[in-house]
There are 2 protein chains.
Amino acid sequence: MSNYSSDDIGNYASVFSALSNPHRLQIYTLLSGCCTPGSRCDIDAVTSCCVGDLGNELDIAASTLSHHLKELSHAGLINMQRQGKQIICSVNPDMLNAIRQFFHTNTEITDEPETSR
Amino acid sequence: MSNYSSDDIGNYASVFSALSNPHRLQIYTLLSGCCTPGSRCDIDAVTSCCVGDLGNELDIAASTLSHHLKELSHAGLINMQRQGKQIICSVNPDMLNAIRQFFHTNTEITDEPETSR
DNA sequence: GCTATAATTCGACATATTTCGAAATATAGA
DNA sequence: TCTATATTTCGAAATATGTCGAATTATAGC
């Protein structure tokens, strides 16, 4: 897990920063338990992926939720795409893989995380 | 990665919070590239594990370093134990395993290889 | 074009975090 | 016991974060 450039350290730090808020971490776990990118959950599934549905689980103002989603998105942890009136959120699998590799010392790192900020 | 209690979410959020600062993340990666708990690095190794040695790598005030180490320790990420005048730091392997587990449970990733049995 | 719904942006405020230097504590050795 | 070294605690200041409500933007359907 050693041998990271200071840029890498900074990028991973912002990834963990995005996951450091309980509401954001909950959003991320909800999404990861739900759809894969490009798909949407079935109507009957426990959780769904549009912003409004996430809001129903969280008991925070819509503006706060929006702010949190932007943080997760900027960190590269989730993808967001409009579909009609709604915006569908999903876990970014590349970043999840990068995180997994980060925590495995003996693994060569192939994908560096790229935060969009 | 779903199905965590709100307590769990809170605990993991504070773990990620501890890793969200670049200095702290650097400390953690330095330690993880170094000793296992109970042992100390060889004198000639690039990095060592006592507080002062970490300080040499970081260019921050000793009091700031101390504060960061306390955060990492409180989060359960590292162990600290006095040995004479020095305090030796090491990665807590249980927490590292818990983190690894966190990012693997219950999460299907589309481009993950599937074993044929 | 108008209206309803979904989500974001903005501005403000309270709280938390990061950092430092100075002072305090702990330990080993003379 | 006195001194030097290692580390922590304390208090203060600057900056960042989390949150809300109000206003705004985007879209679909009538």
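These values consider heavy atoms only, across backbone and side chains, with no hydrogens, waters or symmetry-generated copies. Here is the naming used below: chain letters follow the sequence lines, and residue numbers restart at 1 for every chain. Every value quoted in this text rests on a predicted model; they were computed, and no experiment measured them.
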### Message
Can you tell me which nucleotide in D:dT9, D:dT8, C:dT5 comes closest to the side chain of B:Ser63?
### Response
D:dT9

### Query
Using a cut-off of less than 4.0 Å, is there contact between a side-chain N or O of B:Arg24 and OP1 or OP2 of C:dT18?
yes

#### Entry: Separation of atom NE2 in B:His74 from atom P in C:dT17, rounded to whole Å
13 Å

### Task
Answer with base, sugar-phosphate or nothing: what part of the nucleic acid does A:His23 contact at a heavy-atom distance below 4.0 Å?
sugar-phosphate

## Note on the structure
Result for side chain to side chain contact (heavy atoms under 4.5 Å, CB included) between A:Ser90 and one of A:Asn79, A:Ile78, A:Leu31 points to A:Asn79

### Task
Please confirm whether any donor atom in the side chain of A:Thr64 sits under 3.5 Å from an acceptor in the base of D:dG18, or the reverse.
no

### Message
Nearest to the A:His67 side chain among C:dT9, D:dG18, D:dT9, which nucleotide is it?
### Response
D:dG18

### Message
So A:His68, base contact, sugar-phosphate only, or nothing? Heavy-atom distance under 4.0 Å.
### Response
sugar-phosphate

### Task
State which of C:dT9, C:dT19, D:dT27 makes the closest approach to the side chain of B:Asn21.
C:dT19

### Message
In this structure, how many angstroms lie between the C1' atom of D:dT7 and the CG atom of B:Asn56, rounded?
### Response
14 Å

### Query
Parallel, tilted or perpendicular: which fits the ring planes of B:Phe16 and A:Phe16, with parallel below 30° and perpendicular above 60°?
parallel

### Message
Can you tell me if A:Lys70 touches the phosphate of C:dA7, counting only side-chain N or O atoms and a distance under 4.0 Å to OP1 or OP2?
### Response
no

## Note on the structure
5'-most contact on DNA chain D (nearest-nucleotide basis), A:Gly84 vs A:Ala62, goes to A:Ala62

### Task
Classify the nucleic acid contact of A:Ile60 as base, sugar-phosphate or nothing, counting any heavy atom under 4.0 Å across all strands shown.
sugar-phosphate

### Message
Of the options D:dG21, D:dT7, C:dT8, whose atoms approach the side-chain atoms of A:Ser66 most closely?
### Response
C:dT8

### Message
Output the rounded distance in Å from CD (A:Gln81) to P (D:dT27).
### Response
14 Å

### Task
Round to the nearest Å and state the distance from A:Leu65 atom CG to D:dG21 atom P.
14 Å

### Query
Angle class for the B:His104/A:His104 ring planes (parallel below 30°, perpendicular above 60°, tilted otherwise)?
perpendicular

### Query
Does atom CG of A:Asp59 have more than 12 heavy-atom neighbours from other groups under 6.0 Å away?
no

### Task
Would you mind telling me which of C:dT19, C:dT8, D:dA28 lies closest to the side-chain atoms of A:Lys85?
D:dA28

## Note on the structure
Here the distance between atom C1' of C:dA6 and atom CG of A:Leu54, to the nearest Å, is 13 Å

### Query
Which atoms form the tightest heavy-atom contact between B:Gln101 and B:Tyr4, and what is the distance?
O-OH, 4.5 Å

